[in-house]
Amino acid sequence: MAEKYPEYKGLNLPNVAKDVLDKWEAEQTFQKSIEVREGSPSFVFTEGPPSANGLPGIHHVMARTIKDIFCRYKTLAGYQVKRKAGWDTHGLPVELKVEKELGITKEDIGTKISVDEYNKACREAVMRYTDEWEKLTMEMGYWVDMDDPYITYDPKYMESVWWLLGQIYEKDLMYKGYTIQPYSPKAGTGLSSHEINQPGCYRDVKDNTCVAQFKVKPGEKVPFDQAKVDQLHLLAWTTTPWTLPSNTALTVGPKIEYVLVQTWNQYTHEPIQVILAKNLVTKQFGKKFVKVEDASSMNYQQGDKKIPYAIIGECLGADLVGIRYEQLLPYCQPHENADQAFRVIPGDFVTTEDGTGIVHTAPTFGADDAFVAKQAGVPPMLILDENENPVPLVDLQGRFRKELADPVFGLGGEYVKAEYLEEGEEEKELARQREMLKDIIADLKSYLSVDERITLKLKIENKAFNIEKYVHSYPHCWRTDKPILYYPLDSWFIKVTEKRERMVALNKKINWKPKSTGEGRFGNWLETANDWNLSRSRYWGIPIPVWTSEDKTEQICISSVEQLKSEAQKAVDAGMMDKNPLAEFVPGDFSKENYAKIDLHKNYVDEIILVSPSGKPMKREADLIDVWFDSGSAPFAQQHYPFENKELIDNGVEAFKNGTAPKGPSAFPTDYIAEGVDQTRGWFYTQHAIATLVFDTVSYKNVISNGLVLDKNGQKMSKRLGNAVDPFETLSTYGADPTRWYMITNAQPWDNLKFDLEGITEVQRKFFGTLYNTYSFFALYANIDGFTYSEADVPNRPEIDRWILSKMNSLIKDVTAAYEDYEPTKAGRLIQEFVTDELSNWYVRLCRRRFWKGDYTEDKISAYQTLYQCLETVAVLGSPIAPFYMDQLFCDLNSVCNRHTASSVHLVDLPKANEAEIDIDLEEKMDIAQKVSSMVLSLRKREQIKVRQPLQKIMVPVLDKDFARRLEDVKDIILSEVNIKEIELLEDTEGVINKKIKPNFKTIGPKYGKQMKQIAAMIGQWGAKEISEVETNGGWKGELNGEEIALDISDFEITTDDIPGWLVASEGRITVALDITITDELKSEGIARELINRIQNYRKDSGLEVMDRIKLTFDANDVVKSAIESNKEYIKNEVLALDIQYATLSENDGVLADLEEGDTRIDLVKG
RNA sequence: AGUCCUGUAGCUCAGUUGGUUAGAGCGCUACACUGAUAAUGUAGAGGUCCGCAGUUCAAAUCUGCGCAGGACUACCA
């Protein structure tokens, strides 16, 4: 047991962190914090796995601080909080990095480099920066178990993922189907949105656009009286004319207004009637056209400068739905339900910003198109190829199928985008086109793209209303630089749509911080969630565990290694394979060694051929699982569920469904997760989806989605801009505690943080500096007095002690509530306010004397105990946010007193608020004392009277008894604080006090809202007479604008604002008057105090110890001398002087005090 | 384009169920204090509460429409 509280020469927070880190390491404090809670209820935390193939940034410090705070808090609150670290290891970024390093592209995989080697490189690359991550984790004080992390490429983890997918498969929630995905024909691969959103992918391109005329079929019912069957067309715009042969529908907005326009075609000059959105008429009928009101008088000849047009009918989009039209370019028919094609359908996505308000719909090449078409039962333009498989009109190389061969325009077999042509091919094509098009274009100058030729054909056939170039942004493949296509690809999907409502319902049970993200962004997202596209044509990831026979009639989904092994054995027995690659694996043996024998990555499992029940070979589906499924599986896969730890999850699932506490240990659903808001549709979503689909539960109960960390100017941090903050440098320069404290208290976690290093300095000074000073102050005097908290708690403590204890208990209550509510910012700010304003700036300042003056009395012990309790409480409450310094503070205090057996603040129990010690009345009293003191100080300042100069009296008018009582109770505190002899409470006597009256808007408002203005005006006119009438009558009754008004006393706010003839200050309801008369007696006391101050300084400068006694010699004039004489005992007492003498001193003796009343030379010797 | 967040002093942020003088810290200026001293106190300057409209007796606060910044999702005729 230490005898003395450690005292420090200064506060070096980075060093504190280092020391405490060493201590944690030596004492295994983290492990202990979990062990001591063995048997306690568990608080389940799941770590969102970061990818270790990039370096951590300062935002990770932010995110991990938030995670850490609540895990530490819950530990203090009595829970066992296990935290497993995790690594996300699969995915495209890893692949890209490896390819870049090896200098290869995807095409080289399998040729220049084997899939084996490729995957090996990925495995190594992805864990490259784990050291840095572990270092950051340590230094920032994030407690998470890095020794036994879950890793998504681990066979056990992958096995659990397979199992989850198998459950979904068994529930018939998986299917394979076409969807429209970004596709790069030149690279031959689908692209994820991640790839499309890489910088530079969207580029402005100039495309040939076309407003096509779709002729309405004869006999169709149309909502226009003046329609002429042979002229009637629907107008639709497209920027990709090559999709027009695949058109199978036209989409209108049901609520959009459309019109019928009578006019002439600008290319064929034939009279036409066209339907388009009303808002877009002026846009489509540009310079070449002129509007005419009366259609019957219109006339037009070829060669006329302007083409007249007239609106001759109106309707809503809904009225157009169902109208059938003639196929625009009838090269092919959909192989299915062709009778359902070529009609007008409704769609909410239609806008009237561009085009015609009627959308050309090609379900094979547009996601929206596919969706609305499916809803309306319109088939996509798929035809059957040689093998009777349905295929779109464009092949995987980006070429039109041969069915589109046009005798004049070619098309069949050609690239739909000119950009796909190789060098030199264009020349050859041009020669061919010259020949083909010679009847239409005499001398063709340059190659015509597919788009250009299609529009040309439409022009000639009276099917084009307008053709022009149009600049818009279009995505390009980041690898080949060529424009992408939206193309239907065969992918595996999870039927999320089927469980959508359940996901919405379960979401309502999740406590979101902030609420709006859960209700808004996440809730809306769930309501419109589409089926989850699982397929990725990649190499480094978890393979889709589905094996299918070639004719697709037989299929198996594998859910475990054991199952795969036995299925593989069947195949070996059936002669499909020579040997079982999993022969070595022992089912049921979950040891590391056993699992080290196998690998479930693509390169291994693709070798495995299984046998179907009917004896056919089955091969694995080529694709991998979306990596988001990997991380979404974390709550289960990190436990290797259900192969191990089965009951941990099952207990939790059961408890959640029954709404009871789990029967035994439980690790699900997760109690708490926290990640960036960018995970809303990422990890937050995938976890929720998997838990809902597989277990019909939530995945997590509480979630914080935190905002971004921006630079101090509010710009996004990036390496490119050079404004990224290095987390390691920050931590080593400023220390983890102030960094964490700053991040948490400066902005709410879910708001973006403008990260400014100066803010950390401020926290360092303001909060930690003050706390350190307060501790140092305590340690200094406690060591002198030998305070070890060995005495029993002092029962009847002075007012000021009871006050700070009341505040302290309120603090415990409020901070606990804030933590419970996942509001760390509130908790931190409360603690900070308590330390700087309450404890340091008021309690310690007022009590300083009690610590260093006099003997070791009960009052002194009370002061020590009180301050000790406050410091200890702050240490515990603040430890989740500032784990290092608070641990040191706690241990420093505890090292002498041993009130706790725990060796760390992180192992103790959270203090409980003692309601009996909370005294609101007392807190209000002190509030009065603080206000009055500050007002007196401000008056002194105004009059230039130093605080050291005692004054006789202050007067405070009191308007109610409660206020008088409270003031009376704290008057000693006020008097000593502002150096005044007495306080006089002025009772209400007319004439002495000036009163002011104001209406109480809050109480009058609800009663007489309408007359509020007049009432306020009337009261504003009132003087002393009316005020006293209100006071004697206890209210006011009268008539105002013919209305009876009755106000009682509480409807008024009566305040004082002046005492005539006195120096007065007023603030809120309190008024203070100061008597500034300085009598001779006061004057001499002032001189005495002035001298004491100089002597104290001199003592200190002379290097005397606090307890040393001295002898004094003064060389002073008579005024000063008489002041000394009349305060002799007082001075001696204050400066610990044994004796006072007068003598003539030389300039070399002592110090000179330049007082107003005459310079005085002071000399002292140790006595 | 959609969804969500943010907008209050030079900067970072508070601001209760709407209630009449809109606050704090930092910074700046001036002064004071000096047994917490690389600390502290007091005072001062500094506001179109992003804009407009509405609801209301009363709007920083509620509603609508905008503007600016940010995030996510989507990218379309």
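Letters A, B, ... are given to chains in the order of the sequence lines, protein chains preceding strands, and every chain is numbered from 1. Computed from a predicted model, the values in this text were never measured in an experiment.
- Ring geometry for F365(A) versus Y487(A): interplanar angle of 30 to 60°, hence tilted.
- Across all strands, V677(A) comes closer than 4.0 Å only to sugar-phosphate atoms, never to a base (heavy-atom distances).
- Across all strands shown, G46(B) remains unpaired; no Watson-Crick or G-U wobble contact has both distances below 3.5 Å.
- Ring geometry, Y685(A) versus W532(A): the interplanar angle falls from 30° to 60°, so the pair is classed tilted.
- A donor-acceptor pair is defined here as one N or O able to donate and one able to accept, closer than 3.5 Å; no such pair exists between the side chain of S246(A) and the backbone of L244(A).
- Using a 4.0 Å heavy-atom distance criterion, Q1096(A) is classed as a base contact.
- D711(A) places its CG atom 12 Å from the P atom of G70(B), with the value rounded to the nearest Å.
- Between F768(A) atom CZ and A39(B) atom P the separation is 17 Å, expressed in whole Å.
- In the displayed structure, E758(A) atom CD is contacted under 6.0 Å by at most 12 heavy atoms of other residues, nucleotides or ligands.
- Base pairing of G25(B) is made with C11(B), judged by Watson-Crick or G-U wobble geometry with both donor-acceptor distances under 3.5 Å.
- Distances were taken from every side-chain heavy atom of R765(A) (C-beta onward) to each of U73(B), A39(B), G70(B); the shortest belongs to A39(B).
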Just the atom pairs and distances: protein N or O near nucleotides 2-4 of chain B's N or O, under 3.5 Å.
from	atom 1	to	atom 2	distance (Å)
U3(B)	O3'	N524(A)	ND2	3.1
U3(B)	O2'	N524(A)	ND2	3.1
C4(B)	O2	R521(A)	NH2	3.2

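- If you take atom C1' in A74(B) and the same atom in U56(B), they sit 41 Å apart, rounded to whole Å.
- Checking the phosphate oxygens (OP1, OP2) of C26(B), a side-chain nitrogen or oxygen of K766(A) falls inside 4.0 Å.
- Between U61(B) and C49(B), the distance separating the two C1' atoms is 10 Å to the nearest Å.
- When the side-chain nitrogen and oxygen atoms of Y486(A) are compared with OP1 and OP2 of C76(B), one or more of them lie within a distance under 4.0 Å.
- Shown here, G69(B) forms a base pair with C5(B); the pair counts as Watson-Crick or G-U wobble because both key distances fall under 3.5 Å.
- R848(A) pairs by the salt bridge (Lys or Arg N to Asp or Glu O under 4.0 Å) definition with nothing, not counting sequence neighbours.
- For the C1' atoms, the distance linking G47(B) with G23(B) amounts to 12 Å, nearest Å.
- Atom CZ in F1052(A) sits roughly 21 Å away from atom P in G19(B) (whole-Å rounding).
- For the salt bridge (Lys or Arg N to Asp or Glu O under 4.0 Å) test, no residue two or more places apart in sequence or in another chain qualifies with K1002(A).
- Note on T361(A): nothing from the nucleic acid sits closer than 4.0 angstrom, heavy atoms only.
- Rounded to an integer number of Å, the gap from CG of L871(A) to C1' of A36(B) is 13 Å.
- As judged by a 4.0 angstrom heavy-atom cut-off over every strand, Y781(A) is placed among residues touching the sugar-phosphate backbone only.
- Ring pair Y775(A)/Y8(A) is tilted by interplanar angle, where 30° to 60° counts as tilted.
- Side-chain atoms of Y781(A) never come within 3.5 Å of backbone atoms of R850(A) as a donor-acceptor pair (strictly under, hydrogens ignored).
- Residue G759(A) is classed as having no contact, given no heavy-atom separation below 4.0 Å to the nucleic acid.
- When heavy atoms are screened at a 4.0 angstrom cut-off, N746(A) is found touching the sugar-phosphate backbone but no base atom.
- What separates CG of D369(A) from P of C75(B) is a distance of 12 Å, to the nearest Å.
- Within 4.0 Å (heavy atoms only), W750(A) reaches no atom of the nucleic acid at all.
- Put simply, CH2 on W683(A) is 18 Å from P on C72(B), counting in whole angstrom units.
- Across residues 824-837 of chain A, R829(A) each have a non-hydrogen atom less than 4.0 Å from an atom of RNA chain B (numbered order).
- Within the 4.0 Å cut-off from OP1 or OP2 of G41(B), at least one side-chain nitrogen or oxygen of N841(A) is found.
- Looking at residues two or more places apart in sequence or on another chain, you find no salt bridge (Lys or Arg N to Asp or Glu O under 4.0 Å) involving K754(A).
- The neighbour count for K826(A) NZ, taken as heavy atoms of other residues, nucleotides or ligands under 6.0 Å away, does not exceed 12.
- Under the 6.0 Å cut-off for aromatic ring centres, F684(A) and F522(A) do not qualify, their centroids lying 6.0 Å or more apart.
- In this structure, the side chains of T243(A) and Y486(A) stay at 4.5 Å or more apart for every pair of heavy atoms.
- Heavy atoms of Q748(A) sit under 4.0 angstrom from primed sugar atoms or phosphate atoms, though from no base atom.
- Remark: D1051(A) engages K1007(A) in a salt bridge, criterion side-chain N to carboxylate O under 4.0 Å.
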Detail all sub-3.5 Å separations between protein N/O atoms and N/O atoms belonging to nucleotides 9-11 of chain B.
none

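- For T770(A) and A36(B), a side-chain-to-base donor-acceptor distance below 3.5 Å is absent, hydrogens and geometry of angles not being considered.
- Of the P atoms belonging to A58(B) and G44(B), the separation is 33 Å, rounded to the nearest Å.
- Distance noted for atom P between A24(B) and U42(B): 11 Å (whole Å).
- The distance from atom OH of Y1098(A) to atom P of U37(B) is 22 Å, rounded to the nearest whole Å.
- With C1' as the reference atom, G19(B) and A9(B) are 24 Å apart, rounded to whole Å.
- Here U21(B) is the nucleotide among G70(B), U21(B), C26(B) with the atom lying nearest to any side-chain atom of K998(A).
- Across C13(B) and U55(B), the matching P atoms stand 35 Å from one another, rounded to whole Å.
- A heavy-atom distance below 4.5 Å is found between the side chains of N247(A) and F214(A).
- For the OP1/OP2 pair of A38(B) and a distance below 4.0 Å, the side-chain nitrogens and oxygens of K9(A) include no atom meeting the criterion.
- Between C50(B) and U16(B), the two C1' atoms lie 24 Å apart (nearest whole Å).
- The existence of a salt bridge linking E1134(A) and R1089(A) is excluded, since no basic side-chain nitrogen approaches an acidic carboxylate oxygen closer than 4.0 Å.
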